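First up is the structure itself, then whatever we jot down about it.
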Amino acid sequence: MIDARQLTKRYGDKTAVDGLDFVVKPGTVTGFLGPNGAGKSTTMRMIVGLDAPTSGSVTVNGRPYARHQAPLQEVGALLEAKSIHPGRSAANHLRALALTHGIPRRRVDEVIELAGLGSVARKRAGAFSLGMGQRLGIAAALLGDPQTVMLDEPVNGLDPEGVLWIRNLLKTLADEGRTVFVSSHLMSEMALVADHLIIVGRGRLLADTTVGDLIREAGGDTVTVVTQDPARLRDVLAGPGVDVTGRIGSEELQVTGATAREIGLKAAEHGIALFELTSRSVSLEEAFMDLTRDAVEYHGSTTAVETLGRPA
Ligand SMILES: Nc1ncnc2c1ncn2[C@@H]1O[C@H](COP(=O)(O)OP(=O)(O)OP(=O)(O)O)[C@@H](O)[C@H]1O
Ligand SMILES: [Mg+2]
């Protein structure tokens, strides 16, 4: 369990993390989302004591990280995958970590196997590709068989097999009753793996919710209906929680708060002809973009590309 209370970090006049209150519970995968520069990595660094809060506090399993007798057995973290001595082999890197933490040598072999590093374990870590480095970082995070696992963008750089591996790994760790806290920008992946979400923007908490609730609040399913008589269909669909929109003069309506089946039955009951009835779910990506629109600090631009013009 991770418990942040009014957690705040300032760098000069920049407030990277601004009064965050949240709890990450065991037994589920909690996604940590937010635009670039939102304060996710800074929060994660404070969780494991690599950065000191300016104010507020954060505990892991009831204590500040530094007060744990055996921190690696308490929290396994992947923050900077490349923070490895480049000349050391993967196996030696893990062995050194294990030795300094009283972890048996067979556990090193176990995590090498688990992370799919068997064939490269004796190679210099400095020569690892991005994905191999990520795998080694994850192996190190799991070395102490910790109750809490925290990974900063673990999917970054992994091949499709690696992405699937992480997905199953995170779910298994949560099913074993562990606390799993993971940041990512890949919304499709988060939608598959996370149950709970903590979303930040400009250092502030924007949402502490479930994937299902976030999507529901963003409009849930939208049903597009094309009908001969939009005005009458609007009337018969009207009710609490049902929202119908559509351009004046158009036969097409967008309905939220009613399923395609309910709309079809209502239309049949009133003898209203339908030409089309299509249901579409709001994706986590759309819900996220909606929620964080005002919190995005670094916007890309397509006009800059257009003004570059074609090469001569
Ligand atoms: N050591 C530091 N010194 C000064 N500013 C910092 C430092 N670390 C982070 N920041 C600033 O704090 C803010 C939050 O950064 P952070 O890396 O936590 O964001 P993030 O949510 O992890 O972003 P990303 O999705 O890009 O990884 C940014 O504006 C960043 O420039
Ligand atoms: Mg980051």
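Both ligands and their constituent atoms are indexed starting at 1 by order of listing. Just so you know, these numbers come straight off a predicted model, no measurement behind them. Residue indices begin at 1 and follow the sequence shown.
Per-atom contact check: atom 5 (N) of ligand 1 touches the protein, criterion being a heavy-atom distance below 4.0 Å. In this structure, atom 30 (C) of ligand 1 has its sub-4.0 angstrom surroundings free of protein heavy atoms.
Residue contacts with ligand 1, taken as heavy atom pairs separated by less than 4.0 Å, involve Arg45 solely via side-chain atoms from C-beta onward. Contacts between His185 and ligand 1 below 4.0 angstrom, taking non-hydrogen atoms only, involve the side chain exclusively.
Some N or O of Gly37 is nearer than 3.5 Å to an N or O of ligand 1, by distance alone. On a distance-only criterion, Ala38 and ligand 1 share at least one N/O pair closer than 3.5 Å. Between Lys40 and ligand 1, at least one pair of N/O atoms sits closer than 3.5 Å.
With rounding to the nearest 0.5 angstrom, the CD1 atom of Ile166 is 8.0 Å from the CZ atom of Arg135.
Those atoms of ligand 1 with a heavy atom of Glu153 less than 4.0 angstrom away are 25 (O), 27 (O). Listed by number with element, the atoms of ligand 1 under 4.0 angstrom from any heavy atom of Lys14 are 29 (O). Taking every non-hydrogen atom of Thr42 and a distance limit under 4.0 Å, the qualifying atoms of ligand 1 come out as 9 (C), 14 (C), 15 (O), 16 (P), 18 (O).
Donor-acceptor pairing under 3.5 Å is recorded for the side chains of Gln6 and Asp21. Under 3.5 Å, the side chains of Asp221 and Ser281 contain a donor-acceptor pair of N or O atoms. Looking only at atom types and distance, the side chain of Thr224 has a donor-acceptor partner in the side chain of Gln254 under 3.5 Å away.
Counting only residues at least two apart or on different chains, no ring-ring contact (aromatic ring centres under 6.0 Å, His included) pair has a member in residues 245-299.
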